[in-house]
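A short worksheet on the structure shown next.
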Protein chains: 2
Amino acid sequence: MSTTGQKLRELREKAGLTLRKAAMQADIDVAILSKMERGERKLTKELILKLAKMYNENPEKLIIDFLSEKVIYELKDEEFGLKALKVAEKQIKYMRTNNK
Amino acid sequence: MSTTGQKLRELREKAGLTLRKAAMQADIDVAILSKMERGERKLTKELILKLAKMYNENPEKLIIDFLSEKVIYELKDEEFGLKALKVAEKQIKYMRTNNK
DNA sequence: TTTTGTGTTGACTATTTTTGTCAAATTTAC
DNA sequence: GTAAATTTGACAAAAATAGTCAACACAAAA
C-alpha cells in the first residue's frame, strides 16, 4: 500500500516537476514538501488540493486516502479500533440523513 | 446521543462520588474533570480507564465511544468522510489478518 | 442569614507539538 | 567532476494542549 505522500510524489514526477519547482509553485519550503512526500511531516488537505490542481489530478481519491490515513493512525493499535469505526460510521450516516 | 463525558458523569453520580472526590482519587485537578465531563477538555484513554475502574464499570463501551468521537470529530464535515471510513476499515482489517 | 458542600469559570503558566526557515550534506544525472 | 535535485538536521517561532489556582455561583443545611 502506498501512502498519499508517495502518490503525490509519483504525480509530481509524472507532471515533470522537480521538488523545487513544485514547492515554489505551491508556495512552501522545498524541505517541507520533501518531508511530506516521504511521510516525515503531515500533509494538509489544503496542500493536497493545491498539488492535485497543479498536477491535473482529481483530488477525491487523494483526499479519501489522506483522511483514512489519519483515522488509521489513531486506531491502528487500539484493541477496539474496528468497533469504534463501526460506531463512527453509523453516527455519521445518522448525522447525514438528519442534517446534523 | 450522549457523549463519553456525560456517561462518565452519570457513572460517577451512580457511584456516589462528588467531583472533588473523584478528581482527587484519579489524581487530577477538579476543574479538569469538570471540564472533561462537560466536553470542554479532551478526555484521555488513560483517564477513562482509571475512572471506569473507580466506578466499577467495564471500560470497553466507554473506550469505543471515546475513539469513535475522535474519528467523528475529524470526519464530520468532510464530503468524503464515509468513504474514508470504509477505506480505513478495510485497511485495518487487512493489517489485523496479516499481523501488521 | 451564615455556613457548608458541590460544581463551574477564567486567568495564568508551563509543557508539548507542530510548523517554518535555512544551510549544509548527500545523492543523482549528466 | 560538475550541476541539479533531494534530503537532513538544527534551530526558532507559533500554536495547541495541559496543569494550577482562586474566585464565583448556587443550593441545601444549620
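Values in this document were obtained by computation on a predicted structure and should not be read as measured data. We name chains A, B, ... by the order of the sequence lines, and we start the count at 1 in each one. The basis for the numbers below is simple: all heavy atoms, side chains too, and nothing from hydrogens, waters or symmetry mates.
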The side chain of [X] lies closest to which of these nucleotides: [options]?
| X | options | answer |
| --- | --- | --- |
| B:R9 | C:dC22, D:dA5, C:dT8 | C:dT8 |
| B:I32 | C:dT8, D:dT6, D:dG19 | D:dG19 |
| B:T18 | D:dT8, C:dT9, C:dT6 | C:dT6 |
| A:L19 | C:dC22, C:dT9, D:dT6 | D:dT6 |

Length of the line joining [X]:[atom1] and [N]:[atom2], which is rounded to integer Å:
| X | N | atom1 | atom2 | result |
| --- | --- | --- | --- | --- |
| A:K70 | C:dT18 | NZ | P | 12 Å |
| A:D29 | D:dA12 | CG | P | 17 Å |
| B:M36 | D:dT20 | CE | P | 12 Å |
| A:K42 | C:dG20 | NZ | P | 13 Å |
| A:E13 | D:dA5 | CD | C1' | 11 Å |
| A:L33 | D:dA5 | CG | P | 14 Å |
| A:L17 | D:dA5 | CG | P | 11 Å |
| A:E40 | D:dA10 | CD | P | 12 Å |

Given [N], is OP1 or OP2 found less than 4.0 Å from the side-chain N or O atoms of [X]?
| X | N | result |
| --- | --- | --- |
| B:R38 | C:dG7 | no |
| B:R12 | C:dT6 | no |
| A:S34 | D:dT7 | yes |

Using atom types as modelled and distance alone, determine if a side-chain donor or acceptor of A:Q6 lies under 3.5 Å from a backbone N or O of A:T3.
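Confirmed, A:Q6 side chain pairs with A:T3 backbone.
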
Please check if the number of heavy atoms outside A:K7 that lie under 6.0 Å from its NZ is greater than 12.
yes

Report yes or no: is there a donor-acceptor pair, N or O only, under 3.5 Å between the side chain of B:R20 and the base of C:dG7?
yes

Heavy-atom donor-acceptor pair, B:R41 side-chain to D:dG19 base, under 3.5 Å:
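In this structure, the two groups form a donor-acceptor pair.
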
The reported gap from OG1 in A:T4 to CD in A:E37 (rounded to nearest 0.5 angstrom) is 12.0 Å

What does A:K35 touch in the nucleic acid at a heavy-atom separation under 4.0 angstrom: a base, only the sugar-phosphate, or nothing?
base

Would A:Q91 and B:S68 count as having a side-chain donor-acceptor pair, cut-off 3.5 Å?
no

Side-chain contact, heavy-atom cut-off 4.5 Å: A:L75 with A:F80?
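Contact flag for A:L75/A:F80 side chains = no.
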
